[in-house]
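Input: a single structure, listed below in C-alpha cells.
Quick caveat: nothing in here was measured; it's all calculated off a predicted structure. What's counted below: heavy atoms across the whole structure, side chains too, no hydrogens, waters or symmetry copies.
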Protein chains: 2
Amino acid sequence: MGVQMAVTIKDVAKQANVATSTVSRVISDSPNISDRTKRKVRKVMEEMGYHINLNARVLVQQSTQNIGIVMKDSTIESLHDPFFPVALQGISSYAHKRDFSISITTGETEEAIFRDVEKMVQGKRVDGMIVTYSKENDKVVPYLLKCGIPFVVVGKPVVHTDEIMFVNNDNVQAAKDATEHLIQLGHQEIAIILGDREFEITDSRLKGYREVLESNNIPINDAFIKQSTNMDCIKTILDELLALPVQPTAILGSDDLASLHIMSVLREKNIEVPRDISLISFNNTIVAELMNPTLTSVDTNIFQLGYEAARCIIEEIKERSTHTKSVIIPTKIRKRESTQPYKKVE
Amino acid sequence: MGVQMAVTIKDVAKQANVATSTVSRVISDSPNISDRTKRKVRKVMEEMGYHINLNARVLVQQSTQNIGIVMKDSTIESLHDPFFPVALQGISSYAHKRDFSISITTGETEEAIFRDVEKMVQGKRVDGMIVTYSKENDKVVPYLLKCGIPFVVVGKPVVHTDEIMFVNNDNVQAAKDATEHLIQLGHQEIAIILGDREFEITDSRLKGYREVLESNNIPINDAFIKQSTNMDCIKTILDELLALPVQPTAILGSDDLASLHIMSVLREKNIEVPRDISLISFNNTIVAELMNPTLTSVDTNIFQLGYEAARCIIEEIKERSTHTKSVIIPTKIRKRESTQPYKKVE
DNA sequence: TGTTTTAGTGCAAACGTTTGCTAAAAATCG
DNA sequence: CGATTTTTAGCAAACGTTTGCACTAAAACA
C-alpha cells in the first residue's frame with residue numbers, strides 16, 4: 001500500500017463504469033441499487049482496496065459517530081484510581097456496540113480541559129459529550145448547556161439539575177448504608193474522611209452520614225468530619241483524629257485507594273484494622289478484595305455508570321429524544337474483614 | 001447558542017466584506033494579510049461566535065492532528081491494572097503539549113480492536129497510531145506496517161523489529177535485577193509467575209530470570225516457571241508450587257496486581273510474606289507502596305513509556321523523520337518489605 | 001508623470017463524500 | 001404493442017475549509 005494517494009469513490013466509480021452516487025449508495029446498501037450493480041461495484045472496491053474517508057462523510061452528514069469524554073483534572077494519584085479506567089471501559093463497551101468511537105480530553109488543568117472541550121465541540125468533532133465528574137464552579141457543564149450539544153454527566157449535576165441528563169449512584173443512600181453498617185456493628189464514634197468538597201459526591205455522602213447518625217440519636221461530632229484533597233493530607237487527618245479525647249472506632253474512607261492509604265498510615269502507627277478501628281470504603285475495586293485485611297466497600301458499579309452514560313448520550317444523539325432522562329445505578333455493600341463489631345476494651 | 005446553524009467562514013467573510021480566503025488566512029495568521037484587515041476580521045469572528053470546523057480543515061489539509069491508541073484486549077482484570085491509565089496519561093501529557101488529540105479503540109476482542117484500527121486508519125481519522133502492547137500473532141502491527149502509516153509500539157515488536165519504532169524497558173535487565181536482588185538476599189529456590197506467553201515482555205522476563213540463575217550456578221527448575229493467563233489460575237499455580245518437594249522461598253510476580261493477588265492467596269493458606277516467602281513485582285504502581293506488607297517492585301516508569309511513545313509518533317508525523325528511532329526507558333528496583341533475606345528454618 | 005515593484009485580496013478549484021432531483025430503462029398492464 | 005408505472009442510475013449541488021494563481025491598488029522608482 002504505502003503512502004500513495006488513497007483510492008476514492010470517484011476512482012471506484014470510473015473503474016466500475018458507474019456514477020459516484022451509485023458507489024455511495026452501494027456503500028450505504030441503498031435499496032435503490034440492483035443486486036447486480038452492487039456486486040459489480042463491491043468487486044471493484046475490493047480490487048482497488050477502497051476505504052471510505054470518514055472526514056468527508058462527516059462533513060456532509062454532519063454527524064461524527066464520535067463522542068468526547070471529559071476527564072476530571074488529574075492529580076497524580078487520580079491516575080492510579082481505578083475509577084476512570086473502569087468507567088471508560090463501560091463507556092467503550094456500549095459505544096462499541098453502537099459503532100461509536102471515542103475521544104478523550106488530554107488537558108491536565110481545568111483550563112486546559114476546558115479548551116479541549118471547546119475544541120471538540122466547536123470543531124464539530126463529536127456528536128455528544130460525557131462528563132465524568134460533577135463539581136461546583138465547573139465551567140464545562142454550563143458551556144455544554146449553552147452550546148446545546150447533547151451531553152450527560154456521571155454524577156449529579158450541581159446546577160440546572162433537571163435540564164441535564166445524568167447517571168449516578170444514590171450517594172446519600174450509599175453513605176447511609178455504610179454508616180448504618182458500622183452502627184449495626186456497635187460503633188458510635190464514627191469518623192468520615194471525604195474528598196474534595198467541590199465534588200457533588202462529597203456533599204451527598206456527608207448528608208447520608210449525618211442523616212443516619214441523627215436518626216440513631218448519635219450526636220454529630222464535627223471533629224470527626226474530615227476532608228482530604230490529596231493523599232498526603234491523610235496522614236495529618238489521622239494524626240488529628242487520633243489526638244482527639246474521644247477517638248473514632250470506625251472510619252468511612254472516600255474510596256478504595258484512599259482507604260488503602262488510610263490503612264497504610266494506621267499500620268505505621270501500629271493501629272490495626274479492624275481490631276482497633278473498622279474501615280469501610282466506596283467503589284469496591286479489585287484491590288478491596290485483595291488487600292490485607294480485605295476491605296468492606298460499597299460497590300458503586302463503576303462499569304455500569306460508564307455503560308449507562310454511553311447509552312444515554314448515544315440514544316439522545318440517535319433518537320433525539322427530548323426528555324432528559326437520568327438513571328440511578330444501585331449500590332451494594334460488600335462486607336469484608338475491615339469492619340468488625342465494636343469491642344469495648346481497646 | 002442552541003442548535004442553530006453554525007457560523008462558517010463564508011458568513012464571516014460576508015459580514016466583514018472580505019473574501020473567504022482572507023478569513024482563512026487570518027485564521028492561520030498569514031503574513032500576507034495586513035494588520036488592519038486581521039483586526040477587522042477577528043472582530044467579526046468574535047462578534048459572530050465563529051469557530052472553525054475541523055472536519056473541513058482535515059479534509060483539505062489531509063492532517064488530523066489526532067492519534068489513535070490501541071488498547072490490548074481487555075479481560076476484566078486488566079481493567080483494574082493501572083498500566084493502561086498511567087500510560088494513557090503519559091501519552092496525553094505529551095500529545096496535549098503538541099496540540100494533538102487522541103482517540104482510543106473501543107473493541108474488547110482482538111478482532112473488534114483490529115476493525116477499530118482499520119476504521120481509524122482507512123477512515124483517515126488519525127495521523128498516527130500508538131500500540132500499547134507487543135505480542136505474537138498480532139494482526140495490528142503488520143497491518144499498520146503495510147499501510148505505511150506512522151506508528152509506534154510500547155514494548156518490543158516481535159516482527160520487523162528494526163523497521164518499527166518502539167519504546168520499551170529493558171525487560172531482560174529488569175528481570176535480571178529482580179532475580180539478582182533475591183539471590184543477594186540468599187534465595188536459591190526462586191519461582192517466577194509470568195503473564196501470557198504471547199506477549200514479548202513475558203519472554204524477555206523469563207530470559208532475564210534464566211540468565212541470572214545460570215550465571216549464579218543455580219539450576220533452573222522448570223517446575224518453578226509458571227504462567228498465569230488470568231487471575232483465577234494464580235490459586236492453582238500456588239497450589240502446585242507449594243506441593244513441590246522443594247518449595248520456592250521467593251517468587252517473582254508479573255505485576256503489582258498479580259502480586260497483590262498472590263499475596264492474597266498465600267494469606268489464605270497462612271503463608272506469610274515475607275516471613276515464609278519473599279515476593280517481588282514489576283511496575284511499582286501506587287498499591288505496591290500502600291499494600292501490607294509493602295511490595296518490592298521494579299519501577300518501569302509507565303508514565304514515561306507513554307510520554308515517549310507520544311513524542312516518537314508526533315515527531316515522526318511532524319518532521320517525517322525517516323529514521324526509526326527507538327527509546328529504552330530505564331527501570332529501577334524499589335526495595336520494600338516483601339523481600340527479605342532467606343532464613344533457613346521455616 | 002509614467003512605469004515597475006510590492007503588498008494585500010479575491011476567485012475558484014480542490015478535498016471526498018451524500019443526496020434531491022431527474023432521466024433512462026425495465027417491467028407491468030390493458 | 002403502446003402506455004403507464006416502477007426500478008435503477010446519473011447529474012450536480014452541497015458540506016466548510018485551504019491554497020495557487022490572478023488581480024488591483026498603492027508605493028517606489030526612474
Ignoring the backbone of B:Gln61, work out which of C:dT18, C:dT17, D:dT18 is nearest its side chain.
-> D:dT18
With a 4.0 Å cut-off on heavy atoms, is A:Leu54 in touch with a base, just the backbone sugar-phosphate, or nothing at all?
-> nothing
Is any side-chain nitrogen or oxygen of B:Ser24 closer than 4.0 Å to OP1 or OP2 of D:dT18?
-> yes
Ring pair (Phe, Tyr, Trp, His ring centres under 6.0 Å) partners of residues 88-128 of chain A, not counting sequence neighbours, each pair once = A:Tyr94-A:Tyr307, A:Phe114-A:Tyr143
A:Met165: what forms a side-chain contact (heavy atoms from CB on, under 4.5 Å) with it, not counting sequence neighbours?
-> A:Val152, A:Cys312, A:Ile313, A:Glu316, A:Thr324, A:Lys325
Once you round it to whole Å, what is the distance between P of C:dG16 and CG of B:Asn53?
-> 17 Å
Distance, rounded to the nearest Å, where B:Lys10 contributes NZ and C:dA12 contributes P | 13 Å
Side-chain donor-acceptor pair present, A:Gln15, A:Lys43, cut-off under 3.5 Å = no
Counting only heavy atoms not in B:Glu163, do more than 12 fall under 6.0 Å of its CD?
-> yes
Find the distance B:Gln62:CD to D:dT18:C1' and express it as a whole number of Å.
-> 11 Å
Using the C1' atoms of the five pairs at each end, what is the angle between the end axes of the helix from C:dT1-D:dA30 to C:dG30-D:dC1, to 10°?
-> 50°
In chain order, what residues pass the salt bridge (charged side-chain N to carboxylate O under 4.0 Å, His left out) check against A:Lys119, with sequence neighbours excluded?
-> B:Asp99
Calculate the interatomic distance between B:Tyr50 atom OH and D:dG16 atom C1'; express it in whole Å.
-> 7 Å
List for me each residue that meets side-chain contact (heavy atoms from CB on, under 4.5 Å) alongside A:Asp35, sequence neighbours excluded, and say none if there are none.
-> A:Lys38, A:Arg39
Partners of A:Glu118 by salt bridge (charged side-chain N to carboxylate O under 4.0 Å, His left out), sequence neighbours excluded?
-> none
Can you check the A:Ile52 CD1 to C:dT19 P distance for me, whole Å?
-> 10 Å
Which residue pairs pass the ring pair (Phe, Tyr, Trp, His ring centres under 6.0 Å) test when at least one of the two sits in residues 50-73 of chain A, sequence neighbours left out?
-> none
Pull out every protein N or O sitting under 3.5 Å from an N or O of nucleotides 7-11 of chain C, one pair per line with the distance.
| unit_1 | atom_1 | unit_2 | atom_2 | d |
| --- | --- | --- | --- | --- |
| C:dT9 | OP1 | B:Ser34 | OG | 3.1 |
| C:dT9 | OP1 | B:Thr37 | OG1 | 2.0 |
| C:dT9 | OP2 | B:Ser34 | N | 3.3 |
| C:dT9 | OP2 | B:Ser34 | OG | 3.4 |
| C:dT9 | OP2 | B:Thr37 | OG1 | 2.9 |
| C:dG10 | OP2 | B:Ala19 | N | 2.6 |
| C:dG10 | OP2 | B:Thr22 | OG1 | 2.6 |
| C:dG10 | N7 | B:Ser21 | OG | 3.3 |
| C:dG10 | O6 | B:Arg25 | NH2 | 2.7 |
| C:dC11 | N4 | B:Ser21 | OG | 3.1 |

What is the distance from CG of A:Leu59 to C1' of C:dT19, rounded to the nearest Å?
-> 14 Å
So salt bridge (Lys or Arg N to Asp or Glu O under 4.0 Å) across residues 122-133 of chain B, not counting sequence neighbours, yields none
For the pair made of CD1 in B:Ile9 and C1' in D:dT17, what is the distance, rounded to whole Å?
-> 6 Å
Rounded interatomic separation in angstrom, taking NZ from A:Lys14 and P from C:dT17 | 14 Å
